[in-house]
Amino acid sequence: MPKHGHHTYHLVDMSPWPLTGSISAMMLTTGLVKWFHQFNIDLLLLGVIVTILTMLQWWRDITREGTYQGQHTTRVVIGLQWGMILFITSEVLFFFSFFWAFFHSSLTPAVELGTMWPPAGIQAFNPFQIPLLNTAILLASGATVTWAHHSLLESNHTQSLQSLTLTVILGMYFTGLQALEYWEAPFTISDSVYGSTFFVATGFHGLHVIIGSSFLLICLYRMYMCHFSENHHFGFEAAAWYWHFVDVVWLFLYISIYWWGS
């Protein structure tokens with residue numbers, strides 16, 4: 001029986017976390033400005049700490065609602081599914097703008113770029129080195145997260161834990177390799193429109209990989225605590241959808257920016 005007794009919808013209780021989340025976002029933004037202009041990271045670190053604390057406690061409350069209090073009825077889960085679909089759609093449009101900027105500049109290079117792409121003086125990455133390895137890593141992680149999902153549907157707790165652990169490790173491996181690639185990059189974000197589109201597109205994708213890895217890591221903990229069952233596991237399902245979205249975006253990035261664009 002739902003908490004309110006008359007319907008299957010979930011009326012959210014009063015929560016302080018939207019307010020603390022907004023404050024932490026403001027501290028992150030102003031902290032970045034302060035770091036860039038005054039080389040002081042105190043406010044930025046405070047914003048990161050408040051953001052992490054808000055995330056953990058908000059996730060804790062949602063986990064309690066869905067796992068222990070029975071608030072996530074079938075109708076509520078359908079609403080959550082549509083919310084995740086619309087969120088991923090907005091993310092697709094977000095990356096679409098980066099691809100638009102890249103192709104606008106690369107298909108008709110301006111005279112300031114030497115009428116060539118990559119622009120004169122830019123040494124592009126070899127697409128068959130780290131970028132190809134990262135492609136294989138993300139494709140493998142897509143396979144392992146699917147393995148975890150099917151294991152969960154079959155109530156195979158051991159295999160679901162093993163495969164999801166492997167997915168998180170692959171995500172962290174990808175992030176480490178991308179950090180190494182950035183460290184060794186022969187150009188910077190200020191090197192013409194090539195550097196701008198490259199680092200903004202791949203950098204935001206890297207941020208999404210970190211977010212997705214964190215999402216899956218929380219799901220791994222919940223899976224270990226037996227919060228999921230074969231017919232009630234939307235938290236993990238949403239993380240898997242997000243991870244597949246990250247995979248697909250990387251394929252487009254690799255083909256267009258690393259391979260074709262080089």
Side-chain angles (χ1 to χ4, degrees), residues 55 84 87-89 91-92 94-96 98-99 102 118 123-153 156-189 194-224 228 233 235-262:
M55 288 162 55
M84 192 66 192
F87 169 67
I88 292 176
T89 302
E91 293 283 271
V92 170
F94 177 72
F95 277 98
F96 183 80
F98 300 147
F99 285 108
F102 173 78
Q123 178 187 350
F125 285 103
N126 186 340
F128 300 108
Q129 292 181 348
I130 289 181
L132 183 60
L133 176 58
N134 267 344
T135 302
I137 290 169
L138 272 192
L139 290 176
S141 70
T144 54
V145 78
T146 303
W147 174 21
H149 193 190
H150 283 276
S151 299
L152 185 58
L153 291 174
N156 192 329
H157 187 67
T158 301
Q159 283 197 17
S160 58
L161 280 175
Q162 291 172 345
S163 51
L164 191 54
T165 301
L166 189 55
T167 306
V168 173
I169 292 172
L170 288 171
M172 293 178 176
Y173 187 26
F174 176 94
T175 301
L177 285 176
Q178 190 171 38
L180 176 64
E181 182 183 66
Y182 279 10
W183 182 264
E184 297 180 342
F187 55 90
T188 69
I189 194 171
Y194 183 90
S196 300
T197 53
F198 176 86
F199 281 106
V200 169
T202 60
F204 269 112
H205 177 269
L207 177 62
H208 282 70
V209 171
I210 294 172
I211 293 171
S213 299
S214 304
F215 201 173
L216 290 171
L217 187 62
I218 296 298
C219 288
L220 179 61
Y221 170 75
R222 294 190 62 196
M223 192 175 287
Y224 177 76
F228 299 134
H233 56 266
F236 169 73
E237 197 172 30
W241 290 357
Y242 188 83
W243 196 252
H244 287 308
F245 155 74
V246 168
D247 285 350
V248 172
V249 169
W250 175 258
L251 288 177
F252 281 100
L253 282 173
Y254 176 76
I255 293 171
S256 60
I257 294 181
Y258 282 101
W259 181 63
W260 181 84
S262 65

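Around the OH atom of Y224, the shell of radius 6.0 Å holds no more than 12 heavy atoms that belong to other residues, nucleotides or ligands. The environment of OH in Y221 is sparse: at most 12 heavy-atom neighbours from other residues, nucleotides or ligands sit within 6.0 Å. Dense packing is recorded around OH of Y254, with more than 12 heavy atoms of other residues, nucleotides or ligands lying under 6.0 Å away. More than 12 heavy atoms of other residues, nucleotides or ligands lie within 6.0 Å of CH2 in W241, so this atom counts as buried by the packing criterion.
No side-chain heavy atom of L166 sits less than 4.5 Å from a side-chain heavy atom of Q162. Taking the side chain as every heavy atom from C-beta outward, L152 and Q159 never approach each other to under 4.5 Å. Side-chain contact check for I257 versus F198: some heavy-atom pair is nearer than 4.5 Å. Counting only heavy atoms from C-beta outward, the side chains of Y182 and T188 never approach each other to under 4.5 Å. Using a 4.5 Å heavy-atom threshold, the side chains of L153 and H233 count as touching. Counting heavy atoms from C-beta on, the side chains of T197 and F98 never come closer than 4.5 Å. A heavy-atom distance below 4.5 Å is not found between the side chains of F187 and Q123.
Here CD of Q129 is found 12.0 Å from CG of N134. Values are rounded to the nearest 0.5 Å. Separating the OG1 atom in T175 from the CG atom in L180 is a distance of 12.5 Å, to the nearest 0.5 Å. Between the CD1 atom in I137 and the OG1 atom in T144 there is a gap of 11.5 Å [rounded to 0.5 Å]. One finds the CG atom of L138 at 8.0 Å from the CG atom of L251 (value rounded to the nearest 0.5 Å).
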Report task. For the pair F245 and W250, evaluate ring-ring contact (aromatic ring centres under 6.0 Å, His included) and give the outcome as yes or no after the intermediate values. Result -> CA-CA 9 Å; F245 155 74; W250 175 258; over 10 Å; no
Query - F174 and H205: CA distance, side-chain angles, deciding distance, side-chain contact (heavy atoms from CB on, under 4.5 Å) verdict - result: CA-CA 11 Å; F174 176 94; H205 177 269; 3.7 Å; yes
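In this model, no donor atom of one side chain and acceptor atom of the other lie less than 3.5 Å apart for T167 and W243. Using a 3.5 Å distance cut-off with no hydrogens or angles, the side chains of E91 and H208 do pair a donor with an acceptor.
Ring pair Y194/F102: centre-to-centre distance not below 6.0 Å. Ring-centre distance between F228 and H149: not below the 6.0 Å cut-off. A distance of 6.0 Å or more separates the ring centres of F95 and F252.
In summary, of the residues considered (I218, L220, V145), a side-chain contact (heavy atoms from CB on, under 4.5 Å) with F236 occurs for V145 alone. Checked options V209, I211, L217, L216; the residue passing with S213 is V209 (criterion: side-chain contact (heavy atoms from CB on, under 4.5 Å)).
Listed here is the closest heavy atom pair of C219 and A239: SG-CB, 3.8 Å. Contact record, S262 with A124: CB-CB, 3.9 Å, taken as the closest heavy-atom pair. Residues T202 and L253 come closest through the heavy atom pair CA-CD1, 4.4 Å. Looking at every heavy atom in both residues, D247 comes nearest to S141 through OD1-OG, 3.8 Å.
Of the possible polar contacts, none joining the Y258 side chain to the L132 backbone as a donor-acceptor pair under 3.5 Å is found.
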